[in-house]
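In the text below, chain A, chain B and the rest are named by the order of the sequence lines, each starting its count at 1.
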2 protein chains.
Amino acid sequence: MDNKKFEKISRALSDASRITILQEIRKKQGCLYCAEITDMLDLTQPSVSHHLKQLVDADLLIPEKEGRNIKYLLNQEVLADYIACLNFLRG
Amino acid sequence: MDNKKFEKISRALSDASRITILQEIRKKQGCLYCAEITDMLDLTQPSVSHHLKQLVDADLLIPEKEGRNIKYLLNQEVLADYIACLNFLRG
DNA sequence: TAGATACATTCAAATATTTCAAACTAACAG
DNA sequence: CTGTTAGTTTGAAATATTTGAATGTATCTA
């Protein structure tokens, strides 16, 4: 993972709403629907859509279309790579 | 570590200059002087000072005064806590 | 004590982020 | 086809971040 990618992931993780989204997905064994995420956040639907886009653009979430709905899955691999970079910083 | 703290650390990590600072400190076995950091970045001294403040405020760096100079040490403990939070997200 | 050095702070300009209302697209139901 | 539901995109306002010039403060040196 290069620095640009590391920076992008860090930025995606630097917002309270997005942290909540990831934590809730974790609680649900790594998968949540868009509508569920919108319900649990105190934001309008377009704002939630924006935050989800940040997480998807950073590859932290993988979107899966199911008809009109979208299911978001946690990207374990990218998260593991990010953690590996942080561990490297520890020397 | 609560979400506010996690958010602050993520934000501190979401800038190219600050990532470089941490990487260079790692290369030097976890410790660098302010002047060395200013020299290696293509930014003015006040800008570097600003970035160092972000890292210190997030507790990622520990400043140690040595006369007129300041030595910055990597805070291994906080970095480990941050990594633990990320590992928790993996479920 | 006077001048120099190391770093911080303040202020302002440029840029980026967050948020919502409004409008849009895609998929389903009848 | 028409209407509805799920989600995206656009545009604009509010706020935050990044950056550097100017200035301030603390420490060292002569």
Exercise. Looking only at side-chain atoms of B:D15, point me to the closest of D:dT18, C:dT19, C:dT9.
Key: D:dT18
Self-check item: Side chain proximity check, A:K28 to A:E36, heavy atoms < 4.5 angstrom
Solution: yes
Self-check item: Interatomic distance, A:D42 CG vs C:dT19 C1' [rounded to whole Å]
Solution: 12 Å
Quiz item: Which distance, rounded to the nearest 0.5 Å, do you find between the CG of A:L86 and the CE of A:M1?
Solution: 9.0 Å
Quiz item: Checking all strands, does B:L43 fall into the base, sugar-phosphate, or nothing category for heavy-atom contacts under 4.0 angstrom?
Solution: sugar-phosphate
Quiz item: For the side chain of B:N69, counting heavy atoms from C-beta on, which of C:dA8, C:dC7, D:dG20 is nearest?
Solution: C:dC7
Quiz item: Between B:E66 (CD) and C:dC7 (C1'), how many Å, whole number?
Solution: 14 Å
Practice problem: May I have the distance from A:R11 (atom CZ) to C:dT15 (atom C1'), rounded to whole angstrom? | Solution: 11 Å
Practice problem: Using atom OH of B:Y72 as one end and atom P of C:dC7 as the other, report the distance to the nearest whole Å. | Solution: 8 Å
Quiz item: Looking at C:dA21, D:dA6, D:dT18, which one has an atom nearest to any side-chain atom of A:T44?
Solution: C:dA21
Quiz item: Relative to the 5' end of DNA chain C, which residue comes earlier, A:K65 or A:S17, by the nucleotide with the nearest heavy atom?
Solution: A:S17
Quiz item: With respect to the side chain of A:S47, which nucleotide from C:dT19, C:dA8, D:dT8 is positioned closest?
Solution: C:dT19
Exercise. Using a heavy-atom cut-off of under 4.0 Å over every strand shown, decide if B:Y33 touches base, sugar-phosphate, or nothing.
Key: nothing
Practice problem: Can you figure out which of D:dT18, C:dT9, C:dC20 approaches the side chain of B:Q54 most closely? | Solution: D:dT18
Exercise. Round to the nearest Å and state the distance from B:L32 atom CG to C:dA6 atom C1'.
Key: 16 Å
Self-check item: Carboxylate-amine/guanidinium proximity below 4.0 Å for A:D59 and A:K8
Solution: no
Self-check item: Separation of A:L22 CG from A:L55 CG (nearest 0.5 Å)
Solution: 5.0 Å
Practice problem: Let me know the distance between NZ of A:K53 and P of C:dT17, rounded to the nearest Å. | Solution: 12 Å
Quiz item: Taking it one step at a time, do A:L89 and B:Q23 satisfy side chain to side chain contact (heavy atoms under 4.5 Å, CB included)?
Solution: CA-CA 6 Å; A:L89 280 181; B:Q23 286 171 338; 3.8 Å; yes
Quiz item: Quick one: B:Q45 CD to C:dA8 C1', roughly how many Å, whole number?
Solution: 7 Å
Quiz item: Are any of A:R68's side-chain N or O atoms less than 4.0 Å away from OP1 or OP2 of C:dA29?
Solution: no
Exercise. With heavy atoms under 4.0 Å as the rule, sort A:H51 into base, sugar-phosphate or nothing.
Key: sugar-phosphate
Quiz item: A:P46 has a side chain; which of C:dA21, D:dT18, D:dA22 sits nearest to it?
Solution: C:dA21
Quiz prompt | Gap between atoms NE2 and P, on A:H50 and C:dT18 respectively (whole Å) | solution = 5 Å
